[in-house]
Amino acid sequence: MLRSGGRRPGPWRWPAALRRLSRLAPPTPAPVDPAVVRVDRSNVARLGAPKPGPRPRQLLSLPPFPAGADPLPGRKVAPRRVTAVSWVKHYFADVPQEAVQAHFNRRMVFSECPEHEVSDEIIRTQKHHLKKIKHNDVMGPGMRIHLPVSVAEGEIKKRYETIPTATLHPNKDEIEYLKRLVIHRDSAILVLNKPPKVPMKGHLPVHNSMDVLAAAALSYGNEEGPKLVHRLDRESSGLILMGRTNESFTRLHWLFTSVNLARTTSQTWNKACEAYMQKYWALVIGTPKEREGVISAPISKVLLDDGKAERVILAHPSGIDGAQEAITEYRVMGPTINGCSWIELRPLTGRKHQLRVHCAEALGTPIVGDYRYGWFVHQRWKHNPQPDFEPFTGEPYKLRRPEGLEVQKGSVLSKVPLLHLHCREMVIPNIAKFLSSTGEWHDHGAPWAKEKPSLLRFIAPMPPHMKISWNVMSSYLV
């Protein structure tokens, strides 16, 4: 049967525009890039790009191996040769030896090839010249070791430690707490690992200061309690040294003031005084322009609020405002993570707030948690986070909290971080070798103490809030 018009009926032709919207249209072809078939937990196969592999950990750079006769201070006998594992264990004395050895067993420790120097740009473009080393490889002068920062990770304490009360006379709990802070004790000195937020010197409204509590709880049978040789800021943490006798306190106080004041006619003592040093670890906002260097910037004090408060600033070049000489050596230890970087500070002079002012004003990278000298930088850092990049691939990433890691109050992930400044390492003369219990001084060491080392080296673990920040920044970058 024909329709009107005499045309035979044929198949209906959809317009081209409607055909593209039809559900019967074939799917878009898969990308030409190589793909893999992935099967999820529900046994459903899907076609997609391969999952990215685990991203590398950031590397920590140890200082160059010294070329001196005694590269490991504090040992009784200087070894003829120093292996790589001995150098790493010496630098991380507070880390269990099993953890250090495990990094060597997993081939996670590298050294620089002597003909190349490693920079951030070389590492970012994967043109780095690092080679894996074994635990028994012998260290040479100038040799630098790179290893994951996970080697310094330690046990994380969920409870923030602080002195329970603020009484003039410490109770039993406070005495036990203070004794746990002692990491070395002999006849001449006491070395403590000071927690943050504990003042050093007490006055009328402050009772729970370190000097008052130590004199009451750490006398150990002496008539007089120990005296503070040097001080740390209230918010900072780390090693503090106390003299148990007047003679040890006086000589060590001279040493911390100036090495020339502590010199005597004894060459052994003078050589030990020249090896004295302190090293601080700090987390700063930003990264210094130079990876390492020396800051020589005098500082001076200014009074605020009609003399009720004071502030330390960089001195005017003219030097007419009572400037004090201040010198600090620094070294950047790793890449920039979440807009921050870890640096190592070695003060060559002991001025009040020297490290904080040098980091904030001389380097332009204030310490995390230092709101006195870096308030405006903290505001920009919190509101406008900088994009970060992986140290090897150069791809941007976002810092997140790893699974199972508790966020400690005051860490880098908290809204109000605590001060991230820690006195980590200290090398001092072994004054107990030269000073007898009766106060008699022996220039070449007491006869009964000749076998004792002339130097003592101490390592203080970081406080909980800094350890959390260290672990978060050393985790896999996700």
Side-chain angles (χ1 to χ4, degrees), residues 194 196-201 228 230-240 256-258 277-305 307-333 336 339-382 410 412 416-426 463 465-466 469:
K194 172 190 170 299
K197 289 191 173 183
V198 178
M200 295 291 295
K201 195 71 175 175
L228 290 171
H230 67 109
R231 300 184 185 182
L232 296 178
D233 296 338
R234 179 191 181 105
E235 296 83 5
S236 61
S237 61
L239 294 168
I240 58 173
F256 275 71
T257 304
S258 174
M277 66 95 178
Q278 291 185 83
K279 287 184 180 180
Y280 290 74
W281 279 11
L283 181 64
V284 298
I285 302 176
T287 305
K289 295 181 180 179
E290 301 293 335
R291 300 292 296 179
E292 56 185 22
V294 179
I295 306 171
S296 181
I299 57 178
S300 61
K301 298 179 183 179
V302 294
L303 299 179
L304 305 174
D305 297 337
K308 297 179 181 179
E310 64 179 15
R311 182 184 176 91
V312 180
I313 60 174
L314 293 182
H316 193 270
S318 61
I320 60 176
D321 52 353
Q324 294 179 323
E325 182 185 18
I327 304 175
T328 305
E329 294 180 355
Y330 75 93
R331 179 177 66 91
V332 181
M333 298 193 298
T336 304
C340 305
S341 56
W342 289 96
I343 65 174
E344 183 182 75
L345 302 167
R346 181 180 175 184
L348 303 183
T349 56
R351 310 300 182 192
K352 183 177 180 180
H353 294 180
Q354 171 181 326
L355 301 181
R356 298 168 63 177
V357 174
H358 277 179
C359 288
E361 300 189 14
L363 295 180
T365 56
I367 301 175
V368 173
D370 188 2
Y371 305 104
R372 172 178 292 189
Y373 299 104
W375 170 258
F376 296 103
V377 178
H378 275 77
Q379 296 300 311
R380 294 198 303 267
W381 172 52
K382 286 295 184 180
V412 69
V416 185
L418 297 177
L419 182 67
H420 283 58
L421 179 62
H422 177 71
C423 182
R424 171 178 166 80
E425 182 180 358
M426 182 185 298
H465 73 279
M466 290 186 64
S469 301

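This structure is a prediction, so every number in the text was calculated from the model and none was measured. For this chain, numbers begin at 1 and follow the sequence in order.
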Query raised in the report: Under a 4.5 Å cut-off applied to non-hydrogen side-chain atoms, are S237 and L232 in contact?
Result: no
Report task. Spell out, as yes or no, whether a donor-acceptor pair under 3.5 Å connects the side chain of H420 to the backbone of I367. Result -> no
Report task. Indicate yes or no: at least one non-hydrogen side-chain atom of Y371 is less than 4.5 angstrom from one of E235. Result -> no
Query raised in the report: C423 versus L239: any side-chain heavy-atom pair under 4.5 Å?
Result: yes
Query raised in the report: Side-chain contact, heavy-atom cut-off 4.5 Å: L314 with H358?
Result: yes
Query raised in the report: When you measure from the side chain of K194 to the backbone N and O of P199, does any donor-acceptor pair fall under 3.5 Å?
Result: no
Report summary line: Looking only at heavy atoms, the pair that brings V357 and V312 closest together is CG2-O, 3.5 Å
Requested in this report: Please confirm whether the backbone N or O of T349 pairs with a side-chain atom of Q354, one donor and one acceptor, at under 3.5 Å?
Outcome: yes
Query raised in the report: Would you say S236's side chain and L421's backbone share a donor-acceptor pair under 3.5 angstrom?
Result: no
Report task. With sequence neighbours left out, write down each residue that passes salt bridge (charged side-chain N to carboxylate O under 4.0 Å, His left out) with E361, or none if nothing qualifies. Result -> none
Report task. With side-chain contact (heavy atoms from CB on, under 4.5 Å) as the test, would you mind laying out the steps for M277 and E425 before giving the verdict? Result -> CA-CA 8 Å; M277 66 95 178; E425 182 180 358; 3.2 Å; yes
Query raised in the report: Can you check whether G286's main-chain N or O pairs, donor with acceptor, with S341's side chain at less than 3.5 Å?
Result: yes
Report task. Go through the structure and list residues passing ring-ring contact (aromatic ring centres under 6.0 Å, His included) with F256, not counting sequence neighbours. Result -> H230, Y276
**Report entry** Single hit among I295, T328, I285, I343 for side chain to side chain contact (heavy atoms under 4.5 Å, CB included) with C359
**Finding:** I343
Query raised in the report: Which residues pass the salt bridge (charged side-chain N to carboxylate O under 4.0 Å, His left out) test with R331, sequence neighbours left out?
Result: E344
